[in-house]
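Some notes on the structure that comes next.
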Amino acid sequence: MTKRVLLTGAFGNIGTYTIDYLLERGHEVVCVDRKLPGTEAVARRYDQRIKAVWGDITQPALWEEALVGVDVVIHLAAVIPPVTETNHALANKVNVEATKNLIAAMEKQGVKRFIFASSVAVYGKLQDREPPLTADSPYRPDDHYGETKLACEKAIHASSLDWSILRISVAPPIEIKFVGGNHDFEMIFDIAVDTRIEYVHPADCALAFANAVGCDEAIGKHLLLGGGPSCQCTGKEFNDAILGAYGIPPLPNHIFKKGTPAFYGDFLDTEESQRLLKFQRHSLEESLSHSRKSVGVLYYVIKLFGPLIRPIMASRSPYR
Ligand SMILES: O=c1ccn([C@@H]2O[C@H](COP(=O)(O)OP(=O)(O)O[C@H]3O[C@H](CO)[C@@H](O)[C@H](O)[C@H]3O)[C@@H](O)[C@H]2O)c(=O)[nH]1
């Protein structure tokens, strides 16, 4: 059955793919995002096919307009690291207060179905345990981002909504393009070379969110979004592969964060999430070839200047 779906953070990394899947399934999509040159450019691509509601999600009045006639809410809008770590006040306001206001507005307006984008950051760094990470592994976030996502989850548990919480693993943008988000390439330096990573294509996350709309069995569940065994690798393999897709040679090991456990997440048990949401479509290999294609001829230019680019990139590492 087609639904009217409110999608927050609609013009960001995962949001844009989510719009595509929702439209493909015949849903009406109401998109909420900040009005920025990048987000407006993305919105123009959808023209009359979506309704855009522009505004600041920390303003409770925004929800009154956005929720009219809505059946389901997919809440992606958030600030992510590194901003969450340098600006705690903003992270609290955007990630926690706005989510609490949205929940209150939904309860007031009688909108029941809520699908929330959380993160494996709620577990903190727990690679001292045997993999895989399961939905009920212990929560001990050790960064502010993870704290904010866990606070949202607690507010959701205390609500009267029909919720699903989807905890996303490592899902950076696949293409060099400006979307509304706040991704920062320097994050790669936080991924220690020997850490266990489970990548997931942002489009596959989007598919999980879109499929959750019609999946009543997902109600009341915490589901892990990782790409599956074909997306599991070490931090070193991950960083080399991502850089390689853009024509950049591997960076030396010593400029990456040291020590274990040195990044959150792990290899994940995605048996239940995949059974319910059927979202794992891309291996890491396929995602990298997608990245490589998006770079086009620039790949050869970057490759040619690789020996010059490499030290410039390395100089941006805080762990040199
Ligand atoms: O005050 C704000 C801050 C952000 N956004 C929007 O939120 C979206 C965030 O997207 P982006 O920064 O590209 O990140 P994603 O990779 O899409 O982040 C998704 O995946 C993360 C986990 O990997 C989750 O934490 C996020 O909630 C979820 O949106 C963007 O459209 C932003 O414009 C707002 O609308 N208002």
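Atoms within each ligand, like the ligands themselves, are counted from 1 in listed order.
The shortest non-hydrogen separation linking Ser169 to Val120 is CA-CG2, 3.9 Å. Taking each heavy atom of Gly244 and Tyr299 in turn, the nearest pair found is O-CE1, 3.4 Å.
Taking the six-membered ring for Trp, Phe189 and Tyr319 have ring centres at least 6.0 Å apart.
Near Ile80, the atoms of ligand 1 lying under 4.0 angstrom from a non-hydrogen atom of the residue are 12 (O), 14 (O), 25 (O). Those atoms of ligand 1 that come under 4.0 Å of a heavy atom in Gly9, given as number and element, are 6 (C), 7 (O), 8 (C), 31 (O). Using a 4.0 Å cut-off to heavy atoms of Gly12, the atoms of ligand 1 that qualify are 10 (O), 13 (O), 30 (C), 31 (O). Against a heavy-atom cut-off of under 4.0 Å, Ala117 is close to the following atoms of ligand 1: 27 (O).
For the residue pair Asn253 and Lys236, a side-chain donor N or O sits within less than 3.5 Å of a side-chain acceptor on the partner. Between the side chains of Ser137 and Thr134, at least one donor-acceptor pair of N or O atoms lies under 3.5 Å. Looking at Arg45 and Thr16, their side chains never bring a donor and an acceptor atom within 3.5 Å of each other.
Some N or O of Leu76 is nearer than 3.5 Å to an N or O of ligand 1, by distance alone. Of the polar atoms of Ile168, none of the N or O atoms is found under 3.5 Å from an N or O of ligand 1, judged by distance alone. Looking at ligand 1, you'll find an N or O of Asp33 within less than 3.5 Å of one of its N or O atoms. Polar contact check, Ser119 against ligand 1: no nitrogen or oxygen pair lies under 3.5 Å apart. Residue Ile14 has at least one nitrogen or oxygen atom sitting less than 3.5 Å from a nitrogen or oxygen atom of ligand 1, judged on distance alone. At least one N or O atom of Tyr145 sits closer than 3.5 Å to an N or O atom of ligand 1. Taking any N or O of Ser118, backbone or side chain, none lies under 3.5 Å from an N or O belonging to ligand 1.
Around atom 9 (C) of ligand 1, the closest heavy atom drawn from Cys31, Ala78, Ala206 belongs to Ala78. The residue from Val94, Leu166, Asn13 that puts a heavy atom closest to atom 16 (O) of ligand 1 is Asn13.
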- request: Show your working on side-chain hydrogen bond (donor to acceptor under 3.5 Å, both in side chains) between His222 and Asp136 and close with a plain yes or no.
  value: CA-CA 8 Å; His222 304 96; Asp136 57 2; over 6 Å; no

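For Glu28 and Lys51, the salt-bridge test fails: no basic side-chain N is under 4.0 Å from an acidic carboxylate O.
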